[in-house]
Amino acid sequence: MAITEQIEETTTTATTQMMIDATIPLYIHPSDSPGSTLVPVPFDGIGYRSWRRSVLRSLSVKNKLGFINGDSKRPDVTSSHFCQWERCDDMVTSWILNSLSKDIADSVEYVNDSIELWKELEDRYDQTNGAKLYQIQKEINGLSQGVLNITGYYTKMKKLWEELNTLSIKTHCNCVCTCGAKESMHKAEQDRRLIQFLMGLNEVYTVVRGSILMMNPLPSIAQAFALLI
């Protein structure tokens with residue numbers, strides 16, 4: 001009797017899954033499993049912003065971002081989608097836990113759902129502070145080409161700039177600008193970074209550096225890099 005009930009339940013689950021549109025967050029792909037991870041390297045407490053970005057990208061690909069940002073809300077227990085929502089939410093929770101180091105995963109193991117888990121991680125690790133900003137800016141100011149080739153130097157500098165951007169992302173303005181001031185400020189920042197990049201080059205690039213500085217307007221960093229290589 002128990003076996004019959006289990007078969008009926010499995011059949012009902014499979015039928016429900018087939019009825020769910022593959023384009024909505026409640027759909028679970030046959031290849032998805034709770035043992036999967038979202039990122040290749042588990043988060044160990046260092047580099048939260050990079051890890052966070054990779055997790056968000058993976059969840060977006062799986063159409064499951066709504067479970068951690070609140071868009072896919074828990075339906076009423078009387079809803080026909082309640083059980084399926086819980087399955088999806090448990091799946092997302094498992095993926096995030098599998099993407100954490102064991103110590104961190106153990107500390108958040110008893111959360112109720114994926115949105116609570118994500119909020120806990122955000123509150124704990126997504127805290128921009130002066131010490132981090134100081135450390136990254138100091139690395140940028142002290143960086144020079146040295147023994148690196150031009151590609152290695154550019155890549156290292158660009159990575160530090162991107163990390164600095166992610167740390168201060170909450171202070172970025174998302175307003176629609178019609179006077180052109182926002183664009184001008186962005187160009188000024190890009191020019192400042194270009195100068196900083198050129199200052200760290202080895203003396204062998206003196207001539208081409210001078211040519212770049214003579215351009216009006218100054219090129220983008222990517223265009224300057226293309227000229228240097």
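The structure displayed is predicted, hence computed values, not measured ones.
By the 4.5 Å heavy-atom criterion applied to side chains, Leu117 and Ile68 are not counted as neighbours. Between Trp51 and Ile46 there is no side-chain heavy-atom pair separated by less than 4.5 Å. The shortest distance between side-chain heavy atoms of Glu86 and Asp113 does not fall below 4.5 Å. By the 4.5 Å heavy-atom criterion applied to side chains, Ile104 and Phe43 are counted as neighbours. Residues Glu116 and Tyr110 fail the side-chain proximity criterion, which asks for heavy atoms closer than 4.5 Å. Residues Ile150 and Leu201 are in side-chain contact: their nearest non-hydrogen atoms beyond the backbone lie under 4.5 Å apart. Residues Ile28 and Gln84 meet the side-chain proximity criterion, which asks for heavy atoms closer than 4.5 Å. Looking at Tyr125 and Arg49, their side chains never come closer than 4.5 Å, going by heavy atoms from C-beta outward.
Residue Leu213 is grouped with residue Ile229 when hydrophobic side chains (ILVMFWY) are merged at heavy-atom distances under 4.5 angstrom, including chains of intermediate members. Linking Ile, Leu, Val, Met, Phe, Trp and Tyr residues whenever their side-chain heavy atoms come within less than 4.5 Å leaves Phe82 and Met91 in two separate clusters. At a threshold of 4.5 Å between side-chain heavy atoms, the hydrophobic network of Ile, Leu, Val, Met, Phe, Trp and Tyr places Val77 and Trp85 in two separate groups. Follow the hydrophobic side-chain contacts under 4.5 Å out from Leu100 and you never reach Ile115; the two are in separate clusters. The hydrophobic cluster containing Leu227 also contains Met199, counting ILVMFWY residues as joined when their side-chain heavy atoms lie under 4.5 angstrom apart, directly or transitively.
No donor-acceptor pair closer than 3.5 Å links the side chain of Ser60 to the backbone N or O of Leu56. A donor-acceptor contact shorter than 3.5 Å links the side chain of Thr93 to the backbone of Ser114. Side-chain atoms of Thr155 never come within 3.5 Å of backbone atoms of Gly152 as a donor-acceptor pair (strictly under, hydrogens ignored). Counting only distance, with no hydrogens or angles, the side chain of Asn202 and the backbone of Gly146 share a donor-acceptor pair below 3.5 Å. With hydrogens and angles disregarded, a donor-acceptor distance shorter than 3.5 Å links the side chain of Asn98 to the backbone of Ser94. Judged purely by atom type and a 3.5 angstrom limit, Trp118 has no side-chain atom pairing as donor or acceptor with the backbone of Asn69.
Residues Thr78 and Asp76 have side chains that bring a donor and an acceptor to within less than 3.5 angstrom of each other. Between the side chains of Ser79 and His81, not a single donor N or O lies within less than 3.5 Å of an accepting N or O. Side-chain contact, Glu122 with Tyr48: a donor N or O sits under 3.5 Å from an acceptor N or O.
Separation of atoms OG1 (Thr206) and CG (Leu198) is listed at 11.0 Å; rounding is to 0.5 Å. The CD atom of Gln196 sits 5.5 Å away from atom CG of Asn141, with the distance rounded to the nearest 0.5 Å. Considering CD of Gln223 and CE of Met215, their distance stands at 8.5 Å, rounded to 0.5 Å.
Partners of Ser107 by side-chain hydrogen bond (donor to acceptor under 3.5 Å, both in side chains), not counting sequence neighbours, listed by chain and number: Arg124. The salt bridge (Lys or Arg N to Asp or Glu O under 4.0 Å) test applied to Asp106 returns Lys102, not counting sequence neighbours. With sequence neighbours left out, Thr37 forms a side-chain hydrogen bond (donor to acceptor under 3.5 Å, both in side chains) with no residue at all.
With Trp95 as the aromatic partner, Lys62 meets the cation-pi criteria of under 6.0 angstrom to the ring centre and within 45 degrees of the ring axis.
Salt bridge status for Glu163 with Lys159: absent, with no side-chain N to carboxylate O gap under 4.0 Å. Using a cut-off of 4.0 Å between Lys/Arg side-chain N and Asp/Glu carboxylate O, Glu183 and Lys187 are scored as not salt-bridged.
Pairs passing the ring-ring contact (aromatic ring centres under 6.0 Å, His included) check and including a residue from residues 175-212, sequence neighbours excluded, read Tyr153-Phe197, Tyr154-Phe197. Residue pairs that meet the salt bridge (Lys or Arg N to Asp or Glu O under 4.0 Å) test with at least one member in residues 207-229, sequence neighbours left out, are Glu203-Arg209. For the salt bridge (Lys or Arg N to Asp or Glu O under 4.0 Å) condition, no pair includes a residue of residues 135-146, sequence neighbours left out.
Closest approach of Ile24 to Asn63, counting heavy atoms only: C-ND2, 3.4 Å. The shortest non-hydrogen separation linking Arg193 to Ile221 is CB-CD1, 3.6 Å. Taking every heavy atom of both residues into account, Leu164 and Gln137 meet most closely at CD2-OE1, 3.5 Å.
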Give the intermediate values and the outcome of side chain to side chain contact (heavy atoms under 4.5 Å, CB included) for residues Phe225 and Thr151. CA-CA 8 Å; Phe225 172 69; Thr151 301; 3.9 Å; yes
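With Leu121 as the partner, the side-chain contact (heavy atoms from CB on, under 4.5 Å) test is satisfied by one option alone out of Ile96, Asp126, Val55, Val111: Ile96.
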